[in-house]
Amino acid sequence: MKFSRLFLPTLKETPSEAEVVSHKYMLRAGLIRKLAAGIYSVMPLGVRVLRKIENIIREEMNRAGAQEVFLPSIQPSELWKESGRWDFYGKELLRVTDRHGREFCYGPTAEEVITDLVRNDVRSYRDLPLNLYQIQTKFRDEIRPRFGVMRGREFSMKDAYSFDMDEEGANESYQAMKKAYEAIFRRCGLRFSAVEADTGQIGGSSSHEFMVLADSGEDTIVHCEKCGYAANVERSRLPLPPTPADPAPHMAMEEVSTPGLGAVEDVAAFLKRDSTEFIKTLIFKTGLEERPLVAALCRGDHGINHVKLARAIGCAEASLADEVDVIKTTGAPVGFAGAPGLTIPVVADNWVRNMVNAVTGANKVDMHIVNINPERDFPEGTEWADIRQPIEGDPCPECAAAMGLAKGIEVGHIFKLGTKYSESMRATVLDAEGKEQMMIMGCFGIGVGRTAAAAIEQNHDEAGIMWPLAIAPFKVILLPLNANDEAVMDVAESIYRQLDESGLEPLIDDRDARAGVKFKDADLIGIPLQVIVGKKGVEQGKAEIKIRATGEKMMVDIAETPGHIAELVRKHAP
RNA sequence: CGGGGCGUAGCGCAGCCUGGUAGCGCAUCUGCUUUGGGAGCAGAGGGCCGGAGGUUCGAAUCCUCUCGCCCCGACCA
């Protein structure tokens with residue numbers, strides 16, 4: 001491909017809307033342009049990257065026995081009403097009405113459509129297992145799209161759905177997908193972690209998220225260097241705290257005045273106690289009728305994880321109560337709540353249980369209690385659970401080694417769905433005895449554009465993108481520095497032809513531009529290998545090869561350049 | 001949804017407070033020079049100042065409404 005013919009408008013300056021690196025470079029390198037909030041056009045260079053990723057996905061999905069289909073993006077409301085999600089999905093579902101007044105939605109996912117397809121055409125256990133996937137545009141009307149294609153509203157996603165006769169088969173399908181995903185992201189050249197994840201509203205027994213490790217990630221994960229355990233914080237398991245070998249004797253509770261001090265840190269400083277000796281009491285709304293408000297407790301230096309709490313309570317979503325509810329339930333303004341005397345249900349984090357002579361709120365303005373001992377002083381019926389946010393250095397649930405925290409970008413998510421959709425939509429097959437059985441389903445997604453963005457987050461420098469070879473839009477860029485010098489152009493073109501014939505996907509910067517411009521653009525768009533052809537080099541029969549990611553440069557004989565490139569491609573291909 | 005910010009040429013911005021009919025840098029086009037890290041000089045094109053209404057002799061500028069975009073926040077007691 002000739003640079004002069006390529007629709008590749010690069011930008012010297014970053015458009016003001018971009019905040020994160022991947023977004024900035026995707027705009028500057030001419031990969032995407034914004035049309036509306038969270039909606040982007042993909043330009044030729046961007047399309048080449050997406051196709052690379054898609055093809056890796058296809059190869060690995062096919063290898064894992066899945067078959068590609070292509071489902072409609074516009075889906076009738078009837079199916080969504082049948083699954084119960086027409087009402088449940090809320091405002092993220094973009095609803096449209098056709099000229100006859102029939103309701104449709106733009107598919108944010110395709111469980112309904114695929115389940116409908118399969119239930120109509122699969123009748124026998126002999127047809128299972130079945131795994132169907134597609135790469136399709138999805139639309140989710142996010143409250144706040146941001147970071148370019150990282151959290152867009154319209155985006156391309158690979159979604160796969162597995163159908164099995166029984167649990168065992170479903171597990172096999174799940175494991176096959178997990179293996180395929182690992183292969184996909186490895187081949188894309190990404191550093192990633194498959195972490196245990198929350199199943200959220202979808203339910204089911206297990207779920208893994210594939211996280212590309214990057215500081216700009218929106219998700220936090222805990223991971224153990226020693227044994228490899230890794231989980232989304234929302235799903236993190238924390239072991240019980242060590243029992244103190246020689247606990248101090250329990251002293252009598254006592255109220256102390258803490259005028260105007262509600263926050264743990266302030267009270268701790270005032271009482272000259274460590275925040276680890278505090279018990280924090282938070283009031284949450286549950287949305288449940290039988291217990292609309294719940295008190296959640298954790299150690300002073302810990303935090304409550306809302307998702308873990310919601311799971312412990314058994315509600316859809318737990319959010320902090322407002323001031324009015326706090327006063328109503330505790331009798332004191334925000335900052336002075338404590339478990340003793342509370343009449344609402346109390347859920348306490350496991351790490352609070354064996355605290356001794358701790359400090360907590362007294363449910364009175366400007367008062368705290370010292371020497372509280374949970375087993376002795378907490379209300380009858382207090383529930384104990386793992387509801388807190390992990391912190392750096394927490395022990396691993398598998399091997400007890402200290403764990404670390406990291407930020408990640410969720411590029412893939414795999415779920416065991418169980419019979420959620422096969423039940424609501426009556427997707428059954430006949431087993432060997434001729435009895436109807438619910439199909440056991442799984443679903444598996446990969447964000448294609450997000451994978452590209454994540455690759456940039458992980459592979460860039462001040463000059464621009466450094467594409468991993470496997471997903472680079474071109475593998476090599478030729479930079480003839482003197483477009484007017486026939487000898488230089490001849491050499492560059494001859495190398496270009498040879499690379500092209502070897503399938504090495506070269507791009508040649510044939511523009512009549514200054515060397516600096518070509519270097520800057522080449523670095524920005526991040527082609528992994530650069531071949532620099534200059535006047536002096538040509539006179540000596542040499543060309544220069546530069547590896548974008550490392551900056552490594554080497555002078556090679558012109559005749560041997562294509563061979564060298566081929567060798568480098570072979571060596572650096574993951 | 002709440003809060004903050006911004007809409008002026010393809011991109012980055014100034015002008016607005018204190019109304020007088022739009023400017024800078026980059027990019028684009030032409031010519032000459034230059035040519036291994038975003039060249040220099042000379043010239044040129046390109047904007048109903050997001051939109052609507054109002055105030056005024058006169059509005060990018062003041063007022064009202066509206067649309068769009070970006071960022072922050074779901075309260076850690």
Side-chain angles (χ1 to χ4, degrees), chain A residues 9-20 23-24 27-28 30 33-39 90-91 143-148 258 260-268 275 278-285 295-306 309 317-327 329-330 332-339 342 349 359-368 387-389 391 463-464 479-485 488 509 511-524 530 532-538 543-544 546 551 553 555:
Chain A
T10 57
L11 301 175
K12 222 185 241 188
E13 281 170 292
T14 305
S16 54
E17 73 207 43
E19 196 76 7
V20 296
H23 190 194
K24 287 179 182 168
L27 290 166
R28 284 193 54 205
R33 287 292 183 263
K34 185 179 71 185
L35 182 64
I39 301 178
K91 289 188 175 167
I143 318 167
R144 189 147 88 81
R146 59 183 138 180
F147 306 148
T258 54
L261 304 174
V264 168
E265 280 179 19
D266 299 338
V267 182
S275 62
F278 280 69
I279 298 170
K280 205 152 66 174
T281 308
L282 309 176
I283 311 300
F284 279 86
K285 284 185 296 203
L297 312 195
C298 67
R299 210 170 74 183
D301 61 319
H302 288 153
I304 299 289
N305 182 289
H306 296 210
L309 175 66
E317 199 187 347
S319 58
L320 280 166
D322 53 41
E323 181 117 24
V324 178
D325 281 332
V326 172
I327 293 173
T329 49
T330 69
V334 169
F336 301 97
L342 285 183
D349 182 68
V359 184
T360 195
N363 296 326
K364 289 180 191 165
V365 190
D366 292 350
M367 296 297 279
H368 276 75
I387 56 173
R388 76 171 170 91
Q389 196 79 12
I391 58 174
L479 303 174
L481 299 184
N482 319 82
N484 298 320
D485 188 310
V488 167
D509 193 345
R511 294 175 301 173
D512 181 13
R514 298 172 65 85
V517 173
K518 296 190 179 188
F519 287 138
K520 292 286 183 192
D521 271 342
D523 287 349
L524 176 63
Q530 300 177 3
I532 301 156
V533 182
K535 211 187 279 185
K536 275 178 241 157
V538 168
E544 186 178 4
K546 178 182 154 190
K553 292 177 182 173
M555 295 298 293

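Hydrogens, waters and symmetry mates play no part in the numbers below; they use all other heavy atoms, side chains included. Lettering follows sequence order; numbering is per chain, from 1.
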Test: Asp301(A) and Lys280(A) ion pair at under 4.0 Å: no
Quick one: does Lys520(A)'s side chain have a donor or acceptor within less than 3.5 Å of a partner on Ala463(A)'s backbone? no
Pick the C1' atom in G40(B) and in C26(B), then give their distance to the nearest Å. 16 Å
Between C75(B) and C13(B) - C1' atom distance, rounded Å: 37 Å
Any base atoms under 4.0 Å from Gly516(A), or only sugar-phosphate, or nothing? Heavy atoms, all strands. sugar-phosphate
Taking the side chain as every heavy atom from C-beta outward, state whether Glu19(A) and Thr14(A) have any atom pair closer than 4.5 Å. no
Across the strands shown, which category fits Lys536(A) at heavy-atom distances under 4.0 angstrom: base, sugar-phosphate, nothing? nothing
Only pairs with both distances under 3.5 Å count, Watson-Crick or wobble alike; so what is the partner of C26(B) in this structure? G10(B)
5'-most contact on RNA chain B (nearest-nucleotide basis), Ala463(A) vs Ile283(A), goes to Ala463(A)
Anything under 4.0 Å to a heavy atom of chain A counts; send over the first and last such nucleotide of RNA chain B, read 5' to 3'. C1(B) to A77(B)
Categorize Ile143(A) for me: base, sugar-phosphate, or nothing, with a 4.0 angstrom heavy-atom threshold over every strand shown. base
Expressed in whole Å, how much space separates the C1' atoms belonging to C29(B) and A9(B)? 15 Å
Using a heavy-atom cut-off of under 4.0 Å over every strand shown, decide if Arg146(A) touches base, sugar-phosphate, or nothing. sugar-phosphate
Distance, C1' atom - from U61(B) to U30(B), rounded to whole angstrom: 37 Å
Write down the distance separating the P atoms in G53(B) and A60(B), rounded off to the nearest Å. 14 Å
Could you please name the partner base of G53(B), counting Watson-Crick and G-U wobble pairs only when both distances are under 3.5 Å? C63(B)
How is Lys546(A) classified with respect to the nucleic acid when contacts are heavy atoms under 4.0 Å: base, sugar-phosphate, or nothing? base
Determine the contact category for Asp485(A): base if any of its heavy atoms lies under 4.0 Å from a base atom, sugar-phosphate if only primed atoms, P, OP1 or OP2 are that close, otherwise nothing. nothing
Nucleotide paired to G31(B) in any strand shown, Watson-Crick or G-U, under 3.5 Å: C41(B)
Check whether the side chains of Asn363(A) and Thr330(A) place a donor and an acceptor atom closer than 3.5 Å, and report yes or no. no
Heavy atoms only, 4.0 Å cut-off, all strands: where does Val264(A) land among base, sugar-phosphate and nothing? sugar-phosphate
Can you tell me, in whole Å, how much space there is between the C1' of A27(B) and that of A39(B)? 15 Å
For Glu323(A), report the nucleic acid contact type (base, sugar-phosphate, nothing); a contact means any heavy atom under 4.0 Å. nothing
To the nearest 0.5 Å, what is the distance between CD1 on Ile304(A) and CG on Leu320(A)? 9.0 Å
Across the strands shown, which category fits Asp322(A) at heavy-atom distances under 4.0 angstrom: base, sugar-phosphate, nothing? nothing
Determine yes or no for a side-chain-to-main-chain donor-acceptor pair under 3.5 angstrom, with Asp349(A) supplying the side chain and Arg388(A) the backbone. yes
My understanding is that a pair needs two contacts under 3.5 Å, Watson-Crick or G-U wobble. By that rule, which nucleotide pairs with A77(B)? none
For C69(B), the nucleotide meeting Watson-Crick or G-U wobble distances (both under 3.5 Å) is G5(B)
Indicate, with a heavy-atom threshold strictly under 4.0 Å, whether Gly534(A) touches base, sugar-phosphate, or nothing. base
Would one find more than 12 heavy atoms of other residues, nucleotides or ligands at under 6.0 Å from atom CD of Glu17(A)? yes
Categorize Thr330(A) for me: base, sugar-phosphate, or nothing, with a 4.0 angstrom heavy-atom threshold over every strand shown. nothing
Mind checking who U18(B) pairs with, Watson-Crick or G-U wobble, both distances under 3.5 Å? none
Whole-Å P distance, C1(B) and C62(B): 28 Å
Heavy-atom nearest nucleotide on RNA chain B for Lys520(A) versus Ser319(A): which residue maps closer to 5'? Lys520(A)
Counting Watson-Crick and G-U wobble pairs only, both distances under 3.5 Å, name the nucleotide matched with C48(B), or none. none
Nearest-angstrom distance, C1' atom, C76(B) to G7(B): 38 Å
Inter-residue atom distance Cys298(A).SG - Gln389(A).CD, 0.5 Å rounding: 10.0 Å
Partner residues of Phe284(A) under the ring-ring contact (aromatic ring centres under 6.0 Å, His included) criterion, sequence neighbours left out: His306(A)
What does Ala18(A) touch in the nucleic acid at a heavy-atom separation under 4.0 angstrom: a base, only the sugar-phosphate, or nothing? nothing
